[in-house]
2 protein chains.
Amino acid sequence: MASTAGRPSRVAKLPPRERILDAAEELFQSEGIRRVSVQAIAEKAATTKMAIYRHFETKDVLVAEWMRIVAADYQAAFDRVRMEYPGRPREQIMGLARFIAEGLPAISHRGCPFINSLAELPDRSHPARQVIEEHKAHQTRRLVGLCAEAGLPDPEQAAAEITFVLEGAQVSTQNGSIDRAGDRLMRIVEGIVDRHRSALDASRPAVG
Amino acid sequence: MASTAGRPSRVAKLPPRERILDAAEELFQSEGIRRVSVQAIAEKAATTKMAIYRHFETKDVLVAEWMRIVAADYQAAFDRVRMEYPGRPREQIMGLARFIAEGLPAISHRGCPFINSLAELPDRSHPARQVIEEHKAHQTRRLVGLCAEAGLPDPEQAAAEITFVLEGAQVSTQNGSIDRAGDRLMRIVEGIVDRHRSALDASRPAVG
DNA sequence: TCCATGCGATACCGTTCGGTATCGTCAGAG
DNA sequence: CTCTGACGATACCGAACGGTATCGCATGGA
């Protein structure tokens, strides 16, 4: 397979750094962090170990960079959902749940990258862990705000309930204990929002 | 402790196999599976690598055996809860939730061993994975039965909701995104049971 | 044209790990 | 007492890994 080297007119090649991150993303997600060697990432990125270490000081730094990208993607999805239903926090919450529910089949073999990475990196000082915890805290803050916007009487409790259910749906999908987890998840979140709706003030302007 | 008298110079020593399993349990839980070497287990068990390989063919077999023990402990706790409230499935469900909630502080640093091991063993053919999936399936079956006993109109859905919430509480505790997760968990499960129960007592929505 | 620079390839280093081989010892069964 | 089998200790092996050093080449700017 190495015989195609030297051809400059290959498929429009991304710069090595992008290829490395793409390859790392794919391998880390499917195989796990510690099971993927730098050598394997280099091969999948059609480059070499040396090139990787030219762009990332250590493997841990590369892992943290990958986590940052995953977190950014997630935040972008959150933003997209918010913009899709402006001023309608209830629909925003349901959109977020739908985003997770639709992603369940894709992670059925391997689970959520955040949950998995947390398990694979018990060292709290690992750079990737700070990214994860920061992201999770940020996400919780946003969800609490969303529940408050929706007029739920106890936004923290509602956000906790939604968070538990979203996370639980992912791990239960991973271990295969619950079938049709996506449908069930949607029904559950719907129930959570509906249950608090009686206290909802219909005349509530959107927060700018 | 009196059976092995004669040389009380040391702490009453269990047979090597027990010591190995105890040490493995402690290390796997606190450090993770792949980060713990067989050598480290041997040292903590006050024995040697060779002794470990005399009792377990490979490290993977030892991991699976540990998983089996954890699953058995969990099942025992389930049984204890059931016997504590005979004929009262609602209290049994709450007892199960309390068992999880009370265990949250203990796993705040490292998470649930099942979830973590699932992340650390992406290979579906790993012997420990079969133990996990079997255990989770068994647990789900029991929970569905419990919900059915409690007369909930949709036991599968109720069990899924409870499972999601229990699992989610554990991962959220691990990543520190939700505070007072134990209290919140109890309130949520209480709400789930009450809600399904009122749907049983009367066909109209009861929560106001 | 020349040179700096990024890149691919390869060889290498030190460490760790799973797993094995060997040997001396000690306790208990006959 | 002797035999047997489990145990502890140690040394070792081969593989894999993270990370480094070095060299040759292609490219692009001056």
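Since the structure is predicted, the reported quantities are computational estimates derived from the model, not experimental observations. Sequence lines set the chain letters: A, B, ... in the order given, protein chains first and strands last, and positions in each chain run from 1.
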Over how many whole Å does the gap from B:R17 atom CZ to D:dC7 atom C1' extend? 16 Å

Would you classify B:T48 as touching base, sugar-phosphate or nothing, given that sugar-phosphate means primed atoms plus P, OP1 and OP2, and contacts are heavy atoms under 4.0 Å? base

B:Y53 OH to D:dC7 P, in whole Å, measures 17 Å

Think A:R142 forms a cation-pi with A:F78, using NZ or CZ under 6.0 Å from the six-ring centre and within 45 degrees of its axis? yes

Tell me whether B:E134 at atom CD has more than 12 heavy atoms from other residues, nucleotides or ligands lying less than 6.0 Å away. no

Calculate the interatomic distance between A:I20 atom CD1 and D:dG19 atom P; express it in whole Å. 14 Å

Any luck finding a side-chain donor-acceptor pair between A:Q75 and A:H135 under 3.5 Å? yes

From CD1 of A:I41 over to P of D:dC17, roughly how many Å is that when rounded to an integer? 11 Å

Pair B:E43-B:Q39, side-chain donor/acceptor within less than 3.5 Å: yes

Is the shortest side-chain N/O distance from A:R34 to OP1 or OP2 of C:dT16 below 4.0 Å? no

Return the 5'-most residue of the pair A:M50, A:S37 with respect to DNA chain D, ranking by each residue's nearest nucleotide. A:S37

Is it the case that the base of D:dG19 and the side chain of A:K49 share a donor-acceptor contact (distance under 3.5 Å, atom types as modelled)? yes

Check: B:Y74 ring centroid to B:F99 ring centroid under 6.0 Å: yes

Any side-chain N or O of A:R19 under 4.0 Å from OP1/OP2 of C:dG8? yes

In whole angstroms, the gap separating P of D:dG19 from NZ of A:K59 amounts to 8 Å

Give one of base, sugar-phosphate or nothing for B:R35, where a contact means two heavy atoms less than 4.0 Å apart. nothing

Mind calculating the distance between CZ (A:F56) and P (D:dG19) to the nearest angstrom? 13 Å

On DNA chain C, does the nearest nucleotide to A:Q39 precede the nearest nucleotide to A:H55 from the 5' side, or the other way round? Give the residue. A:H55

Rounded to the nearest angstrom, tell me the gap between atom CD in B:E43 and atom P in D:dT10. 11 Å

Taking donor-acceptor contacts at under 3.5 Å, does the side chain of B:R54 reach the base of D:dG8? yes

Nearest whole Å is fine: how far is C:dG8 C1' from A:K44 NZ? 19 Å

